[in-house]
Amino acid sequence: MPYLRTEDSEIFYTDTGPGTGPPIVLVHGWTADSVDWSWLIPALTQDFRVIAYDQRGAGRSAPASSYDLARQRADLAALITRVAAGPAVVVGHSLGGAIASTMAVEHPELTLGVVVLDAPYAADPARRPVIEAMKERLTTEEPVPGIRSYLGATWFPDTSPDWLATLVFRRIETLPAATLHDMFWGMWDDRDIAFRPGTDGYLARRECPVLVIQRDADAAAYEESTFRHPASRAVVMTGCGHWLQIERAPEVAAEIRAWWSTARPAR
């Protein structure tokens, strides 16, 4: 099994698809691992070389000393440089969307384009008390009940299959409490990406093409207001839960392929 050694972890990854296609790197979200991409990978390998990895401390990757976004970006940069061997399209879900968007700002030389799937960053300041309360619960309590309450019906509406919530919560029980805590704090303590209006100027520094797929129309419109590349687009996808790359894999793949057909650099 392939692993990439970084400064303080070992990162598990898979590498599939035609060697001739552009590399696309898939970055999963909080409480998750690269299994989340199993529904999307077959559709993307028609056009891309697909690299999916487990973030530090998740799945088969080793625990690490830090989980802040800077360290997460360093892992992603190492994968793009040493495995993809050049710039790549980066697709991020949830927390992975924060890693992907900050990658476009901090490492534009490694980022051909960014796809953000239902990411919670750039939160309205009105949500700060809820997030701060969750940070406190992860510090002082057993994490699983708090996470169940935090995710709740918003991320698993009635339209979501029952087995998906079972998959997500069983996986949460396999993760150390410290890892769940540090990953959550790592994103929400990042002032550049966590809350509006501090995110306004930062996200506007994404010069590459961006595709945002959001369930919330207001969140999609906000992202659209920060776009700078003419091929960027925002899509609202309703009737599904937070794990839209699982629930709506064919539609998500089609949106990515359609976007890339106009966003890819001219040869």
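Throughout, residue positions are numbered sequentially from 1 according to the sequence presented.
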Expected output: side-chain [X] to main-chain [Y] donor-acceptor under 3.5 Å:
X: Arg257; Y: Ala43; answer: yes
X: Arg82; Y: Arg5; answer: yes
X: Glu247; Y: Gly241; answer: yes
X: Ser61; Y: Phe12; answer: yes
X: Thr45; Y: Gly17; answer: no
X: Arg264; Y: Leu112; answer: no
X: Gln214; Y: Ala119; answer: yes
X: Gln55; Y: Val27; answer: no

Would [X] end up clustered with [Y] when hydrophobic side chains under 4.5 Å apart are linked, directly or stepwise?
X: Ile99; Y: Leu244; value: no
X: Leu117; Y: Leu151; value: no
X: Trp37; Y: Met183; value: no
X: Ile193; Y: Ile131; value: yes
X: Val25; Y: Ile256; value: no

Closest contact, heavy atoms only, [X] versus [Y]:
X: Ala204; Y: Glu207; result: O-OE2, 4.3 Å
X: Pro157; Y: Cys240; result: CG-O, 3.8 Å
X: Gly113; Y: Cys208; result: CA-SG, 3.9 Å
X: Pro63; Y: Ser9; result: O-OG, 4.0 Å
X: Leu69; Y: Gly186; result: CG-O, 3.8 Å
X: Ala100; Y: Val90; result: CB-CG1, 3.6 Å

Check: Stepwise, does the side chain to side chain contact (heavy atoms under 4.5 Å, CB included) test hold for Leu26 with Leu44?
Finding: CA-CA 11 Å; Leu26 309 180; Leu44 293 180; 4.1 Å; yes
Does the plane of the ring in [X] sit parallel, tilted or perpendicular to the ring in [Y]? Use 30° and 60° as the thresholds.
X: Trp30; Y: Phe184; result: tilted
X: His93; Y: His242; result: tilted
X: Trp243; Y: Phe156; result: parallel

Can you measure from [atom1] ([X]) to [atom2] ([Y]) and round to the nearest 0.5 angstrom?
X: Asp124; Y: Asp218; atom1: CG; atom2: CG; result: 9.5 Å
X: Glu223; Y: Asp216; atom1: CD; atom2: CG; result: 11.0 Å
X: Leu164; Y: Trp39; atom1: CG; atom2: CH2; result: 7.5 Å
X: Glu251; Y: Leu40; atom1: CD; atom2: CG; result: 11.0 Å
X: Arg71; Y: Ser65; atom1: CZ; atom2: OG; result: 4.5 Å
X: Asp68; Y: Arg73; atom1: CG; atom2: CZ; result: 8.0 Å

Check: Hey, does the Lys NZ or Arg CZ of Arg196 hover above the aromatic six-ring of Tyr222, less than 6.0 Å from the centre and inside 45° of the axis?
Finding: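 Yes, cation above the ring, under 6.0 Å and within 45°.
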Salt-bridge contact [X]-[Y] (side-chain N to carboxylate O under 4.0 Å):
X: Arg171; Y: Asp36; answer: yes
X: Arg215; Y: Asp118; answer: yes
X: Arg170; Y: Glu173; answer: no

Checklist line | Residues in side chain to side chain contact (heavy atoms under 4.5 Å, CB included) contact with Thr139, at least two apart in sequence or another chain | finding: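 Result, side chain to side chain contact (heavy atoms under 4.5 Å, CB included) vs Thr139: His181, Trp185.
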Note to self: Among residues at least two apart in sequence or on other chains, which ones pass side chain to side chain contact (heavy atoms under 4.5 Å, CB included) with Glu109?
What the structure shows: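 Once residues adjacent in sequence are excluded, the partners of Glu109 under the side chain to side chain contact (heavy atoms under 4.5 Å, CB included) criterion are His107.
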Beyond-backbone contact of [X] with [Y], side-chain heavy atoms, under 4.5 angstrom:
X: Arg148; Y: Ile172; value: no
X: Trp260; Y: Ile24; value: no
X: Lys135; Y: Asp189; value: yes
X: Leu110; Y: Thr81; value: yes
X: Ile51; Y: Ile80; value: no
X: Asp8; Y: Arg56; value: yes
X: Pro108; Y: Arg205; value: no
X: Leu211; Y: Val235; value: yes

Next item on the list: Show your working on side chain to side chain contact (heavy atoms under 4.5 Å, CB included) between Trp155 and Val168 and close with a plain yes or no.
Entry: CA-CA 11 Å; Trp155 287 18; Val168 169; over 6 Å; no
Check: Which other residues end up in the same hydrophobic cluster as Val236, if Ile, Leu, Val, Met, Phe, Trp and Tyr are linked when side-chain heavy atoms come under 4.5 Å apart?
Finding: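 Other cluster members: none.
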Next item on the list: Run the numbers on Tyr53 and Leu76 for side chain to side chain contact (heavy atoms under 4.5 Å, CB included), then give the verdict.
Entry: CA-CA 9 Å; Tyr53 71 100; Leu76 177 55; 3.8 Å; yes
Item checked: Positive for side chain to side chain contact (heavy atoms under 4.5 Å, CB included) with Val50, one of Thr16, Thr14, Asp15 ->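 By the side chain to side chain contact (heavy atoms under 4.5 Å, CB included) criterion, Val50 pairs with just one of Thr16, Thr14, Asp15: Thr16.
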Check: Arg191 and Tyr202: side chain to side chain contact (heavy atoms under 4.5 Å, CB included), yes or no, with the steps?
Finding: CA-CA 10 Å; Arg191 287 182 292 181; Tyr202 187 80; over 6 Å; no
Margin query: Do Ser101 and Tyr121 pair up side chain to side chain, a donor and an acceptor below 3.5 Å, judged on atom types alone?
Written below: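 Yes, side-chain donor-acceptor contact under 3.5 Å.
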Notebook entry, point to check: Among Thr111, Thr102, Thr226, which residue meets the side-chain hydrogen bond (donor to acceptor under 3.5 Å, both in side chains) test with Arg206?
Noted result: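 Result for side-chain hydrogen bond (donor to acceptor under 3.5 Å, both in side chains) with Arg206: Thr226.
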